[in-house]
Every structure is written in C-alpha cells, then in structure tokens.
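Given the structure is predicted, the values throughout are model-derived calculations rather than measurements.
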Amino acid sequence: MRVCTVFFLLILCPSAFAQMPGTCERGVAQGDLNADGSEVFARVFNTGALFFGNETTSGNGYLVPRLAPGGGEGPSPLFATTLWIGGQVDNELRVAAARYTRYEMWPGPLNAGATLPNPADCSAYDRIFVVSREDVARYLRTGVASDDLLDWPVSWGGPVLDVDGVDGNYNLEGGDQPAIHGEHMAWWVMNDVGNAHEETGSNPLGIEVQVSAFTVGTGLQALRQASYYRYVIVNRNSFAIDSAYVSLFMDADLGDGGDDQLGSDTTLSMGYVYNYDNSDAVYGIPPAQGYQIVQGPAGLPNLIDDDGDGMIDEADEEIRLTRMTTWCGGCTQPATNDPRTAHEYYNHMRGRWKDGTPFTEAGFGYETDGPETLFVFAGDPITEQCWSHPNDCQGGTVPPARANIIVHTGPFHLASGESTEVVFAMPFAQGTDYLDSVTQLRNAAYATRGAWETGLLNP
C-alpha cells in the first residue's frame, strides 16, 4: 500500500485527488426506444438504471409488446434494471451499484486522471441522444435533421461513421452520421465520480461508461421483441482496476410478478424468468424473458475454455456469463436479502451470497448440502432437472416468488486508460404454454446472440 506524507501528497500521489467525487446532481434525462416495427418500448436513464426512474416507477418502463392488441400500453415482463461495476483499485475495493434509488452514476465523461470537466455541475451532459436510421434517411431526402441528429455529441465520445475523411469531427452536411447499432439507438455517457456513493459507501472507481441502447424493427420476430445494451467502460483512473466485474441486476416482474421462477442457461450466457404455471394475470399465456451477455471482456486466466475455441487461457480470451445470483427479499435469513454495502454487492459479483457464503445446489441455495455453484437454478425446468424450481434436489420444489436476477461477467483486469465492452441482450418469447415459452426463449436467444456475433446489428 502506498504511503504519502501531507507535504509530498501532490508530488507522490497525484491520483489521490483524482478519485475525489464531485458535487453533481443526479441526471434527470431520459430517452425512449419505441420505433415502428419494434415490439419493444424501453425507457432509459443516465443514472446507471434502465426502465425505472423519474416518474416511470410503475413497471411501465419496459413493454413487450409495446402496444396492447386493442391499442394503448402493452404489458411488461420486467420492473427495473441497474448496471453494477466493481473491482480493486490500488488494493481498495470500489463499487458503483444500486437497485432502485441512490444511483452511483452521473452524467458526462471524465478527463484523464478521473477528474470531472466541472466537479460542481454535470448538468451540461445531462442528455440522452436518440437517433434512428430513418432519421438519417429523412435527412438525406429532405435536409431536415432532428435535434439529436444535428447535435450528435462526438466530443463526448458519441460514435461516428466518418464520411468526410476528417478524423474526430462530425460534419453532417459532409456525410458524417452517427454510428447506429440496430435501427433505433439511444446513446449517452456517464461516470461514477460525479458525487459520493451513498448506496455502497465506496470510493469512486474512476470510470466513464458510454452506453448504446438499441432495437430493431425489421426481420425475425425474436429480434423485433428484443433489445440490446452496449456498455463501453473506460478506466480514467491512474490506477488499474483488478478483479473487476460487470453485472446487470433485474427485478423481473413477468406480468404478474408474484408467481415468477428463474433459471440460468450457461450455454447461452443467459439468466431468465418464467412463470409458475399456465396462467398469468397480465399476459394470459405467460411468456419468458431473458438477460443475456452476448459480448464480454477479456478474462483472467482460469483454466477454462471460456470462448469454446479449444484453447485455454489464450491472450484476450473473451468471457461472458461467469456467474448468476439472486436474493430473496423478505426472507428471514439476513444473508439472503438484498445487498447494502460495497462488500455485499461485490460478493454477489463473485457469485456468492452477500455474506460471502457460496451458493449451493439445493433448496434456495443457502447453506444446503448440495455442491457449490456459481449459477443459480441451472437445471432444465422442462425436464425438472436438479437444481431448478420444479426440482430443489431435496425431493421437493422451490416456491415461486418475485424474481431478482443478476448476471455477472468477470473477473478481468482494466489498465489505466484502457476500455472494455460488455453487451447485454434481452430476448423475449411467448409460446403455447409456460414451459414452451422457455423453449421459445432459448430459440430467441440463439437469434439475439447470432445477430450480434455476425455483425448484423453493426453500423
């Protein structure tokens, strides 16, 4: 551990001030993905949260299908989602995470050394830009540009398709345009230095996160019913981030959320929620909703062929879903309730209960006689395989409840100034019954993964 005297602090430890948080207000900007053709409505925020924020707190921030058969707002398969990031910075655990409030991301980019452009005010960056391929086509036909197309924030890191040949600029009249993934995309930038981390009690990691959320409105129904979230994570700190993890938390209310069940599918790098039986008070025939990692960081050596290419621990070997956890929420055992501190969040990222106890394959997974696991409910519910809700590995079942799902990727190393990219997909399917919906979800997940891997969604 580095030791610094007060006299030599500025000379020997310039980074000590780089990690001091600012006094920014949380962002209030929001953007909507609701393009024609897509069956998804998604409201996004620049706080680290998705679908839940501002006045959107009633489970209406993510809809599939986005329109009800008779018109109006469609049903929702999930309630709230939040990005978590954690790791070791100069031998100190640092985490940026939250659930429904006290978010630990603020608007805007960071300078080198993890300093804010304006430590007292991030509001100049409190904006989410929403553009579509149709916006670009309309501009090319008519010369009329939407505000977000006209103001595209290249100086903030907004990605650009360069046509005018001038690197680093954005000249719409010269042919430049936003680099749009999918067909309808929201883009924003946020950081974890803007203010104190009230939820976790952690010091800032010193990260900038550039986000692209996007949907498609043509092609396979599996793609039209899905959405994607691409996080480019930049370490602006002067120290590396070691043993790093990126996680996505979902409070997954599948229509009527009181009878949900959850599972993990390691072959598809996906966590998912499905119904207890063939009746859902909101959807009728209950669907299934997935949370899938379709691109991950380069992992640390682990003696596992993570990318399935026949080689172990080769340079830059990509990892995807490496853990999936849950918590009960209201259970009598404190360790199975939701996390509150940096260490408790990070224990989940490592694939453990918040008190550090390993998950075990039996019952609800806490201190049972089953083998240790990093993936909760990884058994196939269709065949009632152990460990799944229909088979608790103890001769019984695991009762349905409101499903909390957290998918994780890591550990990995992020050097100072280095970036990594993690892409999540959210496939959806509604079959002929609750178990057929699981089957159809797996088919949809093959499609969402394939569309990303083959470049179909690239600009």
Side-chain angles (χ1 to χ4, degrees), residues 48-49 52 78-89 91-105 192 196-205 241-253 257 260-264 271 273 291 293 321-378 387 389 392 398-412:
F52 183 95
L78 61 91
F79 184 71
T81 296
T82 314
L83 178 72
W84 300 356
I85 303 173
Q88 301 285 335
V89 178
N91 297 315
E92 177 190 359
L93 175 63
R94 303 192 185 185
V95 173
R99 288 160 295 122
Y100 311 99
T101 58
R102 303 200 298 183
Y103 300 115
E104 298 186 338
M105 291 286 176
D192 85 317
H197 289 208
E198 296 178 347
E199 171 68 11
T200 64
S202 167
N203 284 322
L205 288 144
I241 303 174
D242 290 308
S243 302
Y245 293 87
V246 175
S247 309
L248 205 63
F249 155 68
M250 279 75 57
D251 180 342
D253 287 356
D260 291 347
Q261 305 185 128
L262 62 147
S264 54
V273 58
Y291 315 93
I293 302 175
L321 181 71
T322 58
R323 288 135 174 87
M324 182 181 128
T325 62
T326 188
W327 66 72
C328 179
C331 286
T332 56
Q333 170 51 253
T336 64
N337 285 301
D338 45 348
R340 299 287 181 175
T341 68
H343 284 278
E344 290 176 350
Y345 276 100
Y346 191 68
N347 277 335
H348 268 278
M349 294 180 188
R350 296 192 304 127
R352 294 172 176 265
W353 292 100
K354 73 176 187 177
D355 66 351
T357 301
F359 282 82
T360 47
E361 293 183 343
F364 195 65
Y366 185 79
E367 292 189 335
T368 69
D369 294 333
E372 293 184 9
T373 182
L374 295 174
F375 302 96
V376 298
F377 302 116
W387 179 42
H389 273 268
D392 69 356
V398 180
R402 294 189 178 274
N404 296 300
I405 294 175
I406 317 96
V407 292
H408 313 273
T409 186
F412 62 95

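- In terms of modelled atom types and a separation under 3.5 Å, the side chain of His197 and the main chain of Asp192 share a donor-acceptor contact.
- In terms of heavy-atom proximity, Leu205 sits nearest to Arg94 at CD2-O, 3.4 Å.
- Judged purely by atom type and a 3.5 angstrom limit, Asp392 has no side-chain atom pairing as donor or acceptor with the backbone of Gly363.
- Between Tyr346 atom OH and Ser243 atom OG the span is 4.5 Å, to the nearest 0.5 Å.
- For Thr200, the side chain to side chain donor-acceptor pair (under 3.5 Å) test picks out Glu104, with sequence neighbours left out.
- Residue pairs meeting the salt bridge (Lys or Arg N to Asp or Glu O under 4.0 Å) criterion with at least one partner in residues 322-339, sequence neighbours excluded, are Arg99-Asp338, Asp338-Arg340.
- Under the 3.5 Å distance criterion, the side-chain polar atoms of Thr81 are left unmatched by any main-chain donor or acceptor of Met250.
- Across all non-hydrogen atoms, the minimal contact from Phe364 to Trp387 is C-CZ2, 3.8 Å.
- Using a 4.0 Å cut-off between a side-chain N of Lys or Arg and a carboxylate O of Asp or Glu, Asp253 and Arg402 qualify as a salt bridge.
- Taking every heavy atom of both residues into account, Leu262 and Phe377 meet most closely at O-CB, 3.4 Å.
- Side-chain contact between Met105 and Ile85 is present, with at least one heavy-atom pair separated by less than 4.5 Å.
- Heavy-atom minimum distance, Trp327 versus Trp353: CA-CZ3, 4.1 Å.
- Under the side-chain contact (heavy atoms from CB on, under 4.5 Å) test applied with Thr325, the options Met349, His408, Arg350 reduce to a single match, His408.
- Heavy atoms only, all atoms of each residue included: Lys354 and Asn347 are closest at O-ND2, 2.8 Å.
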Given Tyr100 and Asp251, is the side chain to side chain contact (heavy atoms under 4.5 Å, CB included) satisfied, shown in steps?
CA-CA 10 Å; Tyr100 311 99; Asp251 180 342; 2.6 Å; yes
Would Tyr291 and Phe249 satisfy side chain to side chain contact (heavy atoms under 4.5 Å, CB included), going step by step from the backbone distance to the final call?
CA-CA 9 Å; Tyr291 315 93; Phe249 155 68; over 6 Å; no
Where do Thr322 and Leu374 land on the side chain to side chain contact (heavy atoms under 4.5 Å, CB included) test, with the steps shown first?
CA-CA 7 Å; Thr322 58; Leu374 295 174; over 6 Å; no
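- Take Glu372 and apply the salt bridge (Lys or Arg N to Asp or Glu O under 4.0 Å) test, not counting sequence neighbours, and it matches no residue.
- Between His348 and Trp84, the ring planes are perpendicular. Angles over 60° get that label, and only those under 30° would be called parallel.
- Listed here is the closest heavy atom pair of Asn337 and Cys331: ND2-O, 3.0 Å.
- Thr82 OG1 to Glu199 CD: the interatomic distance, rounded to the nearest 0.5 Å, is 9.5 Å.
- In terms of modelled atom types and a separation under 3.5 Å, the side chain of Thr373 and the main chain of Thr360 share no donor-acceptor contact.
- Ser264 places a side-chain N or O within donor-acceptor distance of the main-chain N or O of Val376, the cut-off being under 3.5 Å.
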